[in-house]
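Counting convention: from 1, in listed order, for ligands and their atoms alike.
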Amino acid sequence: QRRPELLNAFQENVYGTTLPAPTGTTYRDAGGNGSAKKVTITVTGPQGSASFTLRIFTPSSGKPKGTFLLIDHRGSVGDDPSSGGYAPASKITGAGYALAALNAEEVAPDDAGSYRDGVINAFYPAGQDLPADAGRTISAWAWGASRAMDYLQTDPDIDPSKVAVIGHSRGGKAALWAGAQDPRFPVVISNNSGSTGAKLARRDSAGESISAINSQFPHWFPETYKRYDSNADALPVDQNELLALIAPGRVVVASAADDGNADPQGEFLSYLGAAPVYELYGLGDTGLSSTSWPPATGEGFRGPGMSYHLRSGGHGLEDADWDIYLGSDLFTR
Ligand code: GCU
């Protein structure tokens with residue numbers, strides 16, 4: 001009963017309304033070879049079409065144990081050595097998993113002047129202002145992850161029942177919103193997503209506030225979210241309820257101890273605050289040995305439906321995070 005109410009409240013107040021299903025979709029093989037291929041997804045709406053790339057890396061032999069669908073806001077993944085620990089394609093495939101990297105910049109540019117130029121303008125007339133409550137970049141990225149999932153359901157190399165949507169930081173905000181709305185993701189990973197991600201909104205003075213995120217990134221969220229600048233207490237929802245919307249899918253919250261801007265303690269409290277909803281499914285065990293802050297760093301805590309870790313060091317999606325994701329059997333209870 002609460003699920004549709006909460007989804008509406010998040011659309012109306014935080015992330016904005018979600019784009020409708022495309023009126024048409026095509027998939028085109030855009031090159032690459034068997035274990036590192038590119039697919040171009042083209043979506044059509046009433047005002048036009050937009051295309052974006054999904055790059056898929058699979059183990060050289062055997063069916064992947066699962067797929068990490070990365071909402072890649074850096075657009076430089078896998079075969080680019082500069083991506084480092086952010087998206088270590090060979091480490092992921094070497095562990096027996098697939099990586100599918102969605103080029104988020106193509107879905108919606110991360111820029112206040114041009115963010116509509118990807119998928120949004122396929123649905124809204126380019127010459128008119130967007131409605132105040134229409135989703136912006138983060139909403140478009142989450143929608144793009146669902147379109148990538150539509151494709152993965154058609155790919156014979158992938159088991160679509162084992163796809164984890166993952167994002168780091170701004171990509172983590174989008175991953176949570178994608179996983180809250182789309183029950184096809186059995187695992188949803190928030191890596192250092194912070195404000196308007198896993199962090200509790202009511203800790204507005206800890207880390208990045210709502211007014212700070214709205215003024216620095218005016219194209220991420222709808223105008224309606226700006227009502228809560230310096231007014232977080234008026235929100236009808238808080239972010240633990242976003243995590244709870246992922247239930248009974250596995251929610252994974254990862255923080256970094258020195259990532260003050262993301263408020264790791266606020267992410268931890270939000271994780272704890274989602275557990276009562278998981279408990280309705282008999283999945284309320286958070287895996288943590290204690291609810292006091294801070295938990296031990298570098299250790300993966302795992303319950304049957306919820307996972308958490310606190311990495312030492314600062315903001316980033318790093319090898320140490322992947323070691324925990326790849327080593328903790330996320331697709332089983
Ligand atoms: C900025 C922003 C954060 C965001 C981060 C990132 O620091 O303030 O909200 O998560 O960028 O995406 O790395």
Provide, to 0.1 Å, the distance between [atom] and the closest protein heavy atom, together with that atom's residue and name.
| atom | answer |
| --- | --- |
| atom 8 (O) of ligand 1 | E208 OE2, 2.6 Å |
| atom 2 (C) of ligand 1 | F217 CE1, 3.4 Å |
| atom 13 (O) of ligand 1 | S169 OG, 2.7 Å |
| atom 12 (O) of ligand 1 | R170 NE, 2.5 Å |
| atom 7 (O) of ligand 1 | N261 ND2, 3.3 Å |

Ligand 1 contact on T196 by region, counting heavy-atom pairs under 4.0 Å
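Answer for T196: neither.
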
What's the spacing between L70 CG and I166 CD1 if we round to 0.5 Å?
6.5 Å

Over-ring placement of R74 relative to Y86, 6.0 Å and 45° cut-offs
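Yes.
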
Compute the minimum heavy-atom distance from H168 to ligand 1 and say whether it is under 4.0 Å.
no

Sub-3.5 Å N/O-N/O distance, W220 and ligand 1:
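Looking only at distances, the answer is no, because the N/O contact criterion of under 3.5 Å is not met.
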
Any N/O of H73 closer than 3.5 Å to an N/O of ligand 1?
no

Flag for S146-D182: side-chain donor and acceptor within less than 3.5 Å
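Indeed, the side chains of D182 and S146 share at least one donor-acceptor pair under 3.5 Å.
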
Is the closest side-chain donor-acceptor distance between H219 and D111 under 3.5 Å?
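Distance-only check fails for H219 and D111.
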
Which atoms of ligand 1 sit under 4.0 Å from any heavy atom of [X]?
| X | value |
| --- | --- |
| H315 | 6 (C), 13 (O) |
| K173 | 3 (C), 4 (C), 9 (O), 10 (O) |
| I213 | 9 (O) |

Any non-hydrogen side-chain atom of N192 less than 4.5 Å from a side-chain atom of H168?
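Result yes, sub-4.5 Å side-chain heavy-atom pair found.
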
Between F123 and W143, does the ring centroid distance fall short of 6.0 Å?
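So the answer is yes for these two rings.
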
Could you tell me whether W322 and F68 have their ring centroids closer than 6.0 angstrom?
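Yes, close enough.
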
Ion pair D229/K226, N-O distance below 4.0 Å:
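No.
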
